[in-house]
Amino acid sequence: MLDIKYLRKNTDEAIRRLQDRGVASEKLTELLSLDEARRAAIRTVENLKADRNIASDKIAYAKRNKEDASEAIAAMQAVSSEIKALDSKQVELDEQVQDLAAHLPNLAAPEVPVGPDESANIEQRVWEPAEYQNRPHALLESPKWLKAHFDVGEALGILDFERGAKVSGARFLYYVGDGARLERAVYNFMLDEHRQEGYTEMITPIVVNDSAMFGTGQYPKFQDDAYRVEGLDQTYIPTAEVPLTNYYAGETIPAQDLPIKFTALSPSFRKEAGSAGKDTRGLIRLHQFNKVEMVKFTKPEQSYNELEKMTVNAENILQKLGLPYHVIMLSTGDMGFSAAKTYDLEVWMPQQNMYREISSVSNTEDFQARRMHITFRDDSGKLQLVHTLNGSGLAVGRTVAAILENYQNEDGTVTIPDVLRPYLGGQEKLIATPHH
RNA sequence: GGAGCUAUGGCACAAUCUGGUACUGCAACGGACUCGAAAUCCGUCGAGCCGCUUUUGGCGGUGUGCGGGUUCAAAUCCCGCUAGCUCCUCCA
């Protein structure tokens, strides 16, 4: 949620910055004129209420003294019904203002490139492991035997998309045998790394209420992509960002505790509405996938420094796994609803011959904190909104996909990255094995 | 799922039956006393949100778990909900 006072005072600037985010200027002018009407209604009704409070005191005083107050009561009857009518009018305006405001995206930080979509994103840096040029799939022309990750996984018998579809539907799968073990190794590795970096490990609810979904900005605008539990005020989380960030909803955090860092593994559920036909095979786009998430609560002046650190925390995972990637800064048109600034990490997929998103790290500044009412007391004792950040560290399924594609060998086996071997009993390769 | 009880400042509680300024204590803050501190005494103390404003402040509105209703007036009466506790039932 944007600060309505900022919108009032800096209307021209706000219009321009919202246009950068693809919001028509009429949305803001409509909001502000409703807000003006709302404040006028408040002024009127509050004057009446002040009168009523004084009159009520007089009536109470008279009653205590056994005097007749019927004339004053009769006069107040009219005032009271007027207040009632004006009150409901004001509540109506209030709801309209809230509803419009709740649909406005966050404003982009000044350094974020302005553009309509991903074409305006800016590459920040590229990384690849030192020995990468020696791998066969790093060649300009990929060898013929190079397979897509889902073909590698199906040939090894460790990914079963057919039975996933049979039991649940399209975009669901079973990990089988070493596939399940590899997935588990990957997220255990990620959690251990983040814990060493000072993140507190959490296991969160994976079903949350509407207020939590509103707090992080998924609701009310993006309900269509959520797995809502029918008949209940509850939703399967699209990311652990929701329960992790809402942990402190409505609370004042002791200032000396900031910054606070959480990490959690969780399944993530997304309907992928509007993605029909895209990435229909493999681990890239599923209705349910595992993700290790990082969340931070910071003081305002810390948040951009912490954003850089969190991005490095995500990059560290890819570097230790030896997976090539690049970091891009998303443009105003490509960023998520709540973000003021976002870095995406995209991992190299050699068979697709392109980078694919594997992590997204964002500073939402006080946008989510205002929706959730998360505050701290600054040095002068005043309440201030915290800043919240979130980032994937990383999407686990996509990491498995990147490993299968980047570490596959000509004989169909997959070499296990060094850092994962301790999590797999020292195993060095994935080899096709029968299972039941 | 069933029954009962509970929800009031940072904490602990009173007022609820019988509607009319939300009591008191602790904590906190300011001051007096003191070389200083403790103790004692005096004073202040409803967080947050909203509106107005001449903006280190002032005035007003709201605010007794949440949402409604009745009433001139609701902590108090009525309806619905949520959370916690106890018992029953069920369960990994």
Side-chain angles (χ1 to χ4, degrees), chain A residues 1-10 31-102 203-215 219-220 229-235 243 246-257 267 297 366-386:
Chain A
M1 200 87 91
L2 298 172
D3 181 3
I4 187 88
K5 285 174 191 155
Y6 165 83
L7 299 178
R8 263 183 228 148
K9 284 181 190 156
N10 309 82
L31 170 67
L32 289 177
S33 78
L34 274 169
D35 177 57
E36 183 49 51
R38 169 186 151 267
R39 284 184 296 148
I42 286 173
R43 284 194 291 273
T44 309
V45 76
E46 284 192 351
N47 284 333
L48 286 173
K49 282 180 179 174
D51 292 347
R52 181 182 66 182
N53 287 343
I54 291 166
S56 267
D57 283 350
K58 284 184 181 157
I59 290 169
Y61 183 80
K63 290 261 183 184
R64 269 199 297 275
N65 291 322
K66 311 284 188 210
E67 292 165 13
D68 178 48
S70 52
E71 199 173 311
I73 288 173
M76 277 303 107
Q77 281 174 348
V79 173
S80 237
S81 66
E82 193 179 354
I83 287 174
K84 203 170 180 181
L86 290 169
D87 251 348
S88 62
K89 178 71 187 164
Q90 186 226 314
V91 166
E92 200 178 300
L93 286 164
D94 230 19
E95 281 168 358
Q96 288 175 35
V97 167
Q98 284 300 309
D99 187 57
L100 285 177
I203 294 175
T204 74
I206 62 173
V207 175
V208 298
N209 60 30
D210 285 355
S211 141
M213 289 291 277
F214 178 86
Y219 284 1
V229 183
E230 196 168 341
L232 292 177
D233 162 30
Q234 288 174 329
T235 302
N246 277 281
Y247 186 78
Y248 285 117
E251 298 190 30
T252 300
I253 302 175
Q256 69 270 18
D257 293 351
F297 305 83
D366 62 13
F367 186 85
Q368 293 180 327
R370 185 171 291 107
R371 291 165 94 95
M372 288 181 287
H373 305 115
I374 304 181
T375 54
F376 74 100
R377 275 189 204 283
D378 64 20
D379 294 340
S380 62
K382 276 189 145 183
L383 280 182
Q384 272 198 56
L385 294 167
V386 301

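Residue numbering restarts at 1 for every chain, and letters A, B, ... go by the order of the sequence lines.
For A:D210, the salt bridge (Lys or Arg N to Asp or Glu O under 4.0 Å) test picks out A:R228, with sequence neighbours left out. Here A:S211 pairs with nothing under the side chain to side chain donor-acceptor pair (under 3.5 Å) rule; sequence neighbours left out. Scored by the side chain to side chain donor-acceptor pair (under 3.5 Å) test, A:D87 finds A:K49 as partners (sequence neighbours excluded). When the side chain to side chain donor-acceptor pair (under 3.5 Å) test is applied to A:Y247, no partner is found at least two apart in sequence or on another chain. Under the ring-ring contact (aromatic ring centres under 6.0 Å, His included) criterion, A:F367 pairs with A:F337, not counting sequence neighbours. Considering only residues two or more places apart in sequence or on other chains, A:F214 meets the ring-ring contact (aromatic ring centres under 6.0 Å, His included) condition with none of them. By the salt bridge (Lys or Arg N to Asp or Glu O under 4.0 Å) test, A:D233 is found to be paired with no residue, residues two or more places apart in sequence or in another chain being considered. Residues satisfying the side chain to side chain donor-acceptor pair (under 3.5 Å) criterion with A:E92, sequence neighbours excluded, are absent altogether.
Distance noted for atom C1' between B:G63 and B:A7: 16 Å (whole Å). Spacing between B:A14 and B:C49 at atom C1', rounded to whole Å, works out to 27 Å. Between B:U40 and B:U53, the distance separating the two C1' atoms is 43 Å to the nearest Å. For B:A28 and B:A12, the C1' atoms lie 15 Å apart once the distance is rounded to whole Å. Annotation: B:U16 and B:G1 have their P atoms spaced 35 Å apart (nearest Å). Between B:A75 and B:G60, the two C1' atoms lie 23 Å apart (nearest whole Å). Using atom P as the reference point in both B:A47 and B:U64, the two lie 14 Å apart (nearest Å).
Of all nucleotides listed (B:A73, B:A47, B:G20), B:A47 comes nearest to the side chain of A:R377.
Applying the salt bridge (charged side-chain N to carboxylate O under 4.0 Å, His left out) test to every pair with at least one member in residues 32-44 of chain A, sequence neighbours left out, gives these pairs: A:R8-A:D35, A:D35-A:R38, A:D35-A:R39, A:E36-A:R39, A:E36-A:R43, A:R38-A:D94.
Inspection of the A:D378 and A:Q384 side chains reveals an N or O donor paired with an N or O acceptor under 3.5 Å.
Two residues, A:D51 and A:D57, neighbour RNA chain B, and the one matched to the more 5' nucleotide by heavy-atom proximity is A:D57.
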* How does RNA chain B look in dot-bracket form if you count Watson-Crick and G-U pairs under 3.5 Å, write [ ] for pairs that cross, and put | where a base pairs with another strand? -> (((((((..(((.......[...))).(((((.......)))))...((((((...))))))..(((((..]....))))))))))))....

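Remark: A:I73, A:M76, A:Q77, A:S80, A:K84 in residues 73-93 of chain A come within less than 4.0 Å of RNA chain B through at least one heavy atom.
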* **Protein proximity profile, nucleotides 52-60 of chain B - base contact B, sugar-phosphate-only contact S, no contact -, cut-off 4.0 Å on heavy atoms** => S-------B

